[in-house]
Amino acid sequence: MEMAKKKKILFWVLVPLISALIIAGIVIGSVMSCAPKSGGPNTPVEPGPDDPVDDPPIVDPPHQHKWVWTYTTTEHWQYCADDFLTQNRDSHEYRNSEDTVCKVCGYVRKLPTKQENMDIEFDEDGNAKIGGAKETIEDLVIPGTVKTPDGKEVDVVEISEEAFRHNNNLNTLTILDGVKKICKDAFSNCSNLKEIYIPKTVTDIDPQAFQTCQSLTTIIIDTQNTVYMSISNCIIKIEDRCLIIGCNGSTIPTRKSGSDYIVTSIGDGAFYGSGIKEIAIPSNITEIGSHAFHDCKSLTKFTYLAGVTQIRESTFSNCTSLTTVIFNDGITEIGANAFDGCTSLDNLTLPATLTIIKDYVFRGCSSLNNITLNEGLVTIAGSAFRDCTGLESITLPSTIRAIGLGAFSGCTHLTEIVYAGTEDEWQANVVTGNDWKPNNVEVSFTEPDEEDNHDTGDSGDTADDADNASGSGNGGTDD
């Protein structure tokens, strides 16, 4: 009886408990069916069959090096321009002594010109100097060593002065390792020379070695040369940062090395007689040497940027195709003969900072027609405009103080010289040399003298003043 009572109590306790658990399970299942399937509130919901699907993110493929063979005359290496890496640097390999193609990189070498085809001088120290060619040579390869008459192998120390001058047969020049010096005029006036290669051993190049090589477009110097470098077909002396030799294919570099420019000056005669047609002079150039562009007969235009304050002697003399010269402010002096013989020059703009035009600067510039010289100009030196036969009119600034002997002599068509001031200022301030202008040309004035400005109310006086003003050009012409 007691047992039956306990079972009855247990039944009424368990039934509500089981019922509660079942209800709780139903409620929790309903809530879970509405929640994200995993991860919490920021976890994306898996798209359904009709939902749009975003494109997967683009992942860049691993960098694939693009190896290109690069070489000098003695070695080769592979270069990847994307990340500036190199690999496989080694000496060229040829199948035999007469083979000209490297079996690794495909470089085509030029075998040394035969010794018997060159003039060679042996000095007291046992070294050799190349003195020229004995026969027609188009592709010249200067060897680093030659043999003496008794069969001893000796170094070639230099290419002698004027060795190949006026050799119009030369087309290319390759100098092999060992040669140390290229002397003055060694290859000057080689009119068909187009390409030169200079090795790392050459440590002395005379700036006149390649003057007047009008066809020269390519200059290459071994990158291991510690004295010279070639950038943009220019030869640059590393220590001085001076461009010493340019050519028809040159562009003046604007590159920097750290905080310094690689080139800051153009040396004496650097482009002397080259075939260059146009040149831009960047602002990193602060000095241009004398005769730098002398006799560049194809040069028609140059851009002159702020950086240089002085044009030196004969810088552009005999550039017979040069038509326009425009200077930026900053130029204070134009040196003697700077544009002497520029027969096509017909457009001249001088900067406000210019204070002196030296002797013979524009002599023979026969295409100049009308010139207005800048205010601020103080001195026109002797023969500055001599034989400018096309010159008809010139205006002198009020700041002019001195005009040298024969400044305008030979200007056969000059009919007008105008002074931008009064006759009194001319008489007081301008010092003129004897025979500074043609005898039949007088000076006129843009401003009347002070006494000419007073109005007395007398018509007769006014007429007299007008007569005086019209005849004022006679004053000061014989000083």
Side-chain angles (χ1 to χ4, degrees), residues 309-311 313 325 327-340 348-363 365 368-388 391-411 413-456 461-462 464-479:
T309 59
Q310 181 182 14
I311 306 299
E313 176 186 354
V325 175
F327 294 108
N328 288 44
D329 282 347
I331 300 295
T332 59
E333 179 180 321
I334 299 180
N337 301 85
F339 296 92
D340 189 354
L348 180 64
T349 302
L350 299 177
T353 51
L354 182 66
T355 58
I356 182 171
I357 298 175
K358 289 194 172 182
D359 306 74
Y360 300 100
V361 168
F362 297 104
R363 179 177 62 174
C365 293
L368 284 177
N369 183 262
N370 299 296
I371 304 173
T372 298
L373 299 178
N374 60 291
E375 285 291 325
L377 184 67
V378 175
T379 302
I380 301 173
S383 299
F385 292 89
R386 179 184 288 269
D387 296 330
C388 290
L391 188 62
E392 297 176 357
S393 172
I394 186 164
T395 298
L396 304 177
S398 63
T399 53
I400 198 72
R401 294 295 179 266
I403 302 174
L405 178 67
F408 299 95
S409 63
C411 296
H413 288 81
L414 183 63
T415 59
E416 182 180 36
I417 296 176
V418 179
Y419 173 69
T422 68
E423 182 178 359
D424 285 346
E425 290 171 336
W426 175 270
Q427 298 285 1
N429 297 323
V430 182
V431 178
T432 57
N434 294 326
D435 187 32
W436 69 273
K437 64 176 181 58
N439 292 329
N440 60 336
V441 184
E442 307 300 337
V443 178
S444 63
F445 308 95
T446 61
E447 301 292 335
D449 291 327
E450 280 191 28
E451 59 269 22
D452 295 335
N453 291 326
H454 296 305
D455 186 0
T456 62
D461 291 342
T462 303
D464 291 340
D465 290 342
D467 290 339
N468 290 334
S470 65
S472 62
N474 293 322
T477 59
D478 296 326
D479 289 349

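Remember, predicted model here, so these are calculated numbers, not experimental data. FYI, side chains are in, hydrogens and waters are out, and symmetry mates aren't considered; it's all heavy atoms of this structure.
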Could you measure the distance from the [atom1] atom of [X] to the [atom2] atom of [Y]? Nearest 0.5 Å is fine.
X: Leu414; Y: Asn440; atom1: CG; atom2: CG; value: 8.0 Å
X: Leu354; Y: Asp329; atom1: CG; atom2: CG; value: 10.0 Å
X: Arg401; Y: Asn429; atom1: CZ; atom2: CG; value: 4.0 Å
X: Thr379; Y: Ile357; atom1: OG1; atom2: CD1; value: 9.5 Å
X: Ile380; Y: Ile334; atom1: CD1; atom2: CD1; value: 11.0 Å

State, yes or no, whether a side-chain contact exists between [X] and [Y] at a heavy-atom distance under 4.5 Å.
X: Val443; Y: Phe445; result: yes
X: Phe408; Y: Leu391; result: yes
X: Lys358; Y: Glu333; result: yes
X: Ile371; Y: Phe362; result: no
X: Arg363; Y: Ser383; result: no
X: Leu405; Y: Asp435; result: yes
X: Val361; Y: Asp340; result: no
X: Glu416; Y: Ile394; result: no

So, for [X] and [Y], which heavy atoms are closest and what is the spacing to 0.1 Å?
X: Cys411; Y: Phe385; answer: SG-O, 3.1 Å
X: Trp436; Y: Gly404; answer: CB-O, 3.3 Å
X: Pro397; Y: Tyr419; answer: O-CE1, 3.4 Å
X: Thr399; Y: Gly376; answer: OG1-N, 2.7 Å
X: Glu392; Y: Asn370; answer: CB-OD1, 4.1 Å
X: Thr353; Y: Gly330; answer: OG1-N, 2.8 Å

Backbone of [Y] reached by a side-chain donor or acceptor of [X] within 3.5 Å:
X: Thr332; Y: Thr309; value: yes
X: Thr395; Y: Thr372; value: no
X: Ser409; Y: Arg386; value: no
X: Thr355; Y: Leu377; value: no
X: Glu375; Y: Ser398; value: yes

#### Entry: Audit row: Ile331, Gln310, side chain to side chain contact (heavy atoms under 4.5 Å, CB included) steps and yes/no
CA-CA 6 Å; Ile331 300 295; Gln310 181 182 14; over 6 Å; no
### Query
Where do Ile417 and Leu396 land on the side chain to side chain contact (heavy atoms under 4.5 Å, CB included) test, with the steps shown first?
CA-CA 7 Å; Ile417 296 176; Leu396 304 177; 3.8 Å; yes
#### Entry: Those residues that, when tested against Glu425, pass salt bridge (Lys or Arg N to Asp or Glu O under 4.0 Å) (two or more places apart)
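Residues passing salt bridge (Lys or Arg N to Asp or Glu O under 4.0 Å) with Glu425: none at all.
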### Task
Kindly indicate, with the supporting measurements, whether the criterion side chain to side chain contact (heavy atoms under 4.5 Å, CB included) is fulfilled by Leu368 and Leu348.
CA-CA 8 Å; Leu368 284 177; Leu348 180 64; 4.1 Å; yes
